[in-house]
Q: 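Have a look at this one before I ask anything.
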Amino acid sequence: MSIFTRDKPGTSDPAVGEAYATSELAYGDSVPTGTYLDMVTKLPIVDPTKLNAPTLMIRGEFDGIATEADVLDFFTHLPNADRQFVIVPGAAHSAGFSYNRERFWYAIRAFLNAPPRRDVSSV
């Protein structure tokens, strides 16, 4: 449940964290720390120069996993110009479950529903 309070308490409804934790308890009552420790101590996990797909990067305003500068540095190294960076105001790491989750989902829908890119290389 700490993912809902660790970065900025008050950005998510406490009932959401409780419901989420309750549903996850059906699968066990513990979480291995290895993956989480790897994630926060070995960022970035992937080399941005090898990501050629269109990319949407979203972070909450109060996300504590990486600094905004670190995330923007990663973003600038993406080779595909078809990329977007969005900060969800009033959200922390769990932006999809925050009070401002509609802003998070709006950004995803807008990215996925964007018109196809026109090839202008021959112009």
Side-chain angles (χ1 to χ4, degrees):
M1 288 180 37
S2 66
I3 195 168
F4 295 96
T5 58
R6 140 189 114 212
D7 298 328
K8 178 79 170 169
T11 56
S12 297
D13 184 337
V16 172
E18 187 67 39
Y20 191 74
T22 299
S23 68
E24 288 295 316
L25 283 171
Y27 304 105
D29 63 358
S30 64
V31 177
T33 60
T35 305
Y36 189 78
L37 288 174
D38 285 348
M39 178 183 71
V40 298
T41 61
K42 299 177 182 175
L43 291 173
I45 295 172
V46 298
D47 179 352
T49 64
K50 295 180 180 177
L51 297 176
N52 293 311
T55 303
L56 170 63
M57 290 181 60
I58 302 179
R59 73 178 273 114
E61 176 184 7
F62 303 107
D63 195 331
I65 291 294
T67 68
E68 189 173 310
D70 289 337
V71 178
L72 284 169
D73 181 59
F74 183 96
F75 181 78
T76 62
H77 287 91
L78 293 169
N80 191 333
D82 192 355
R83 62 184 184 211
Q84 295 181 30
F85 181 79
V86 174
I87 297 174
V88 179
H93 184 70
S94 53
F97 296 103
S98 73
Y99 285 121
N100 288 311
R101 65 187 168 274
E102 287 302 321
R103 300 285 297 264
F104 173 85
W105 294 113
Y106 175 85
I108 291 174
R109 284 189 301 270
F111 182 77
L112 294 175
N113 291 316
R117 177 181 172 177
R118 292 183 184 211
D119 182 12
V120 295
S121 61
S122 61
V123 176

Q: If I take atom CG from residue Asp47 and atom CG from residue Leu78, how far apart are they, to the nearest 0.5 angstrom?
A: 10.0 Å
Q: Do other residues, nucleotides or ligands put more than 12 heavy atoms under 6.0 Å from Phe75 CZ?
A: yes
Q: Of the non-hydrogen atoms in Asp7 and Ala92, which two are nearest, and what is the gap between them?
A: CB-CB, 3.7 Å
Q: Do side-chain atoms of Thr55 reach the backbone of Ala53 as a donor and acceptor pair under 3.5 angstrom?
A: yes
Q: Membership question, hydrophobic clusters at under 4.5 Å side-chain separation (ILVMFWY): are Val71 and Val86 in the same one?
A: no
Q: Does Phe74 reach the side chain of Leu51, with side-chain heavy atoms less than 4.5 Å apart?
A: yes
Q: Within the side chain of Ser98, is there an N or O that forms a donor-acceptor pair under 3.5 Å with the backbone of Ser94?
A: no
Q: Taking only distance into account, with no hydrogens and no angle test, what donor-acceptor pairs under 3.5 Å do side-chain atoms of residues 10-17 form with protein atoms, sequence neighbours excluded?
A:
| from | atom 1 | to | atom 2 | distance (Å) |
| --- | --- | --- | --- | --- |
| Thr11 | OG1 | Lys8 | O | 3.0 |
| Asp13 | OD1 | Ala15 | N | 2.9 |

Q: Which pairs count as salt bridge (charged side-chain N to carboxylate O under 4.0 Å, His left out) when at least one residue sits in residues 90-112, sequence neighbours excluded?
A: Glu102-Arg109
Q: Ile87 and Gly60: which non-hydrogen atoms are nearest, and at how many Å?
A: CG2-C, 4.3 Å
Q: Would one find more than 12 heavy atoms of other residues, nucleotides or ligands at under 6.0 Å from atom OH of Tyr20?
A: no
Q: With a sphere of 6.0 Å drawn around CG of Asp29, does it hold more than 12 non-hydrogen atoms of other residues, nucleotides or ligands?
A: no
Q: Can you confirm whether the side chains of Ser121 and Asp119 place a donor and an acceptor under 3.5 Å from each other?
A: yes
Q: Taking Ile65 as the starting point, is it possible to reach Ile45 by hopping between hydrophobic residues whose side chains are less than 4.5 Å apart?
A: yes
Q: Please tell me whether Phe104 and Tyr99 are part of a single hydrophobic cluster in this structure, the criterion being side-chain heavy atoms less than 4.5 Å apart.
A: no
Q: For Asn80 versus Asn52, what's the shortest heavy-atom pair and its separation?
A: ND2-O, 2.7 Å
Q: For residues Ala91 and Asn100, report the shortest heavy-atom separation together with the two atoms involved.
A: N-ND2, 4.5 Å
Q: Please answer: with hydrophobic residues joined when any side-chain heavy atoms are less than 4.5 Å apart, are Phe97 and Tyr27 in the same cluster?
A: no
Q: Can you tell me which residue pairs pass the salt bridge (charged side-chain N to carboxylate O under 4.0 Å, His left out) test with a partner in residues 50-78, sequence neighbours excluded?
A: none
Q: If two hydrophobic side chains count as joined below 4.5 Å and joins carry through other members, does Phe85 share a cluster with Ile58?
A: no
